[in-house]
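Structure first, then comments.
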Protein chains: 2
Amino acid sequence: MTVQAQRTGNGVQTNAASHRVADYLRTAILSGEIGPGERIRQEDVAERLGASRLPVREALRILEAEGLTEHLPNKGARVPWLSMQDLNVIYKIRERLEPLALTESIPNLSGTELRELDRLQGRIEADTGISEFLTLDREFHLMTYTGCQVDQLSMMVVRLWNSTQHYRRAFMNVSGASRRWVINAEHRLLLDAIERRDVVDAERHLAGHIRRTRIELSRHPEAFEGPIV
Amino acid sequence: MTVQAQRTGNGVQTNAASHRVADYLRTAILSGEIGPGERIRQEDVAERLGASRLPVREALRILEAEGLTEHLPNKGARVPWLSMQDLNVIYKIRERLEPLALTESIPNLSGTELRELDRLQGRIEADTGISEFLTLDREFHLMTYTGCQVDQLSMMVVRLWNSTQHYRRAFMNVSGASRRWVINAEHRLLLDAIERRDVVDAERHLAGHIRRTRIELSRHPEAFEGPIV
DNA sequence: CGAGGGAACATTGGATCCAAATTAGCATAG
DNA sequence: CTATGCTAATTTGGATCCAATGTTCCCTCG
């Protein structure tokens, strides 16, 4: 979790108010509390966090640059709807970027971290609710990138995950629980390659994992119905 | 140039002051006017643009999220130094992302755009100064991605280019003019594949082009000496 | 002469205030 | 009864003001 906390935002530094607000909003969006299409009123946020509107405005600019919100002049910020095509391309990006992150990470993973990964996968296989499954799955994948030293790369990966979070949830709701069997099997293959420190094999498994998820997702257009355009 | 202007920042919308300021600062950084390590005083910028400090602060948050500046609490913003390792990984990212952008772009490139690309490459081959060469080279590559419909992807590509801009300049200064021959040859191969709409071949040429540039760049550590740490 | 401390200055962080733009509601005309 | 135009309220955009933090320069003491 610390990994996420560190990397979700902008990297290393600062506890300035803007970033605290940004973290708050990010969490709210990722948890689904604020869904696509929903508007974000500056004063609401300011009031809830006991701050003035200024840090909120800065935070919104940050989230906008991260792609988590969109900004309409004089109309305010809101969480954008992604089209199926958008989603598809985001997964294609992940398909190329995450294997790289993994390759950069694997050599630096400690034995402790490998055991932790194994333990996490064990928890994923336990019979939990959808919500927890998604959380753990996310945690698992991001943890495989823990060894990646370059902030810029980790940041991009996390942001890609962030922008798809809402649709993962929607997708899991319509797709059957059988998906989880497939995912678990693929995770085990991936984990095995990581533990052998076989970067080529790990990359291949990961790319396949993401690709198959993307294809599966594109079969459920009802999962991300946008607004009535 | 319109392509850049549209995509350099955050995508489509808005001419709000924050974004105008962000554009100004971005240009200043990319042109080398503000170099790595240099500090950015809010009031200086505000005064120069005839605005108040508030839009400047928002702009700095945007640039921070883009990775163009770093922010130290109570100390202000500055352009960060990149280590050779950072640069290296950024090029590795480009090596994976840009071929994807190209693949997404090629089917949508019009005949006019293809001719424009050819014309651009012609200008690159003309005997110009280093500065203009870098500008044209950038314009050439970004133009090959014009057909890519997904903002998120184009944005990532442009941001990667942005963060390396200063070091490309420094590198070209130390590397001989002979580099340009190699680059031109590679561009021609790439262009040929694009005109044949052969995405596989185009991807291969592009990935190789970037990879070779990265390796060449890593041979010149003196090109990006950071601050005395 | 050098090191440490303190005061004045400079710069960033945050809050409040005012202006501009959009939205919603209401009244009126067709 | 519906549609259109006007007015009022809400909300964002921008500027100024004040507080907190950091920095610099000078003075004093060892």
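Chain A is the first sequence line, chain B the second, and so forth, proteins listed ahead of strands; every chain is numbered from 1. Here the structure is a predicted model, which means the values were calculated and not measured.
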- Fit a plane to each ring of B:W81 and B:H166, take the angle between them on a 0 to 90° scale, and name the class: parallel (under 30°), tilted (30 to 60°) or perpendicular (over 60°). perpendicular

- Item | Whichever of A:E43 and B:A51 has its nearest DNA chain D nucleotide further upstream toward 5' | A:E43

- Task: Calculate the interatomic distance between B:L72 atom CG and D:dT21 atom C1'; express it in whole Å.
- Result: 13 Å

- A:R41 CZ to C:dT23 P: how many Å, rounded? 14 Å

- To the nearest Å, give me how far apart CD (A:E58) and P (C:dG13) are. 8 Å

- Among the candidates D:dT21, D:dG14, D:dG13, find the nucleotide nearest to the side-chain atoms of B:N74. D:dT21

- Item | Distance in angstrom units between B:R61 CZ and C:dG14 P, rounded | 7 Å

- How would you label the contact of A:L60 with the nucleic acid (heavy atoms, under 4.0 Å): base, sugar-phosphate, or nothing? nothing

- Atom NE2 of A:H19 and atom P of C:dG14: how far apart are they, to the nearest Å? 10 Å

- Message: Cation-pi check for B:F171 against B:R168: NZ or CZ below 6.0 Å from the six-membered ring centre and within 45 degrees of the axis, yes or no?
- Response: no

- So do A:Q165 and A:I29 actually touch side chain to side chain, heavy atoms under 4.5 Å? no

- So, does the side chain of A:R57 form a donor-acceptor pair with the base of C:dG14 at under 3.5 Å? no

- Task: Between B:S52 and B:R39, just flag the one whose closest nucleotide in DNA chain D comes earlier from the 5' side.
- Result: B:S52

- With the side chain of A:Q42 defined as its heavy atoms from C-beta on, choose the nearest nucleotide among D:dT12, D:dA15, C:dT12. D:dT12

- B:H71 NE2 to D:dT21 C1': how many Å, rounded? 14 Å

- Query: Going by modelled atom types, is there a donor-acceptor pair between the base of D:dG14 and the side chain of B:R53 at under 3.5 Å?
  - Reply: no

- Message: Under 4.0 Å between a side-chain nitrogen and a carboxylate oxygen: does that hold for A:R61 and A:E64?
- Response: yes

- Message: Side-chain N or O of B:K75 versus OP1/OP2 of D:dT21: is the shortest distance under 4.0 Å?
- Response: no

- Among side-chain atoms of B:E113 and B:S110, is any donor-acceptor pair under 3.5 angstrom? yes

- Query: In whole Å, what is the span from the CZ atom of B:R20 to the P atom of D:dG14?
  - Reply: 10 Å

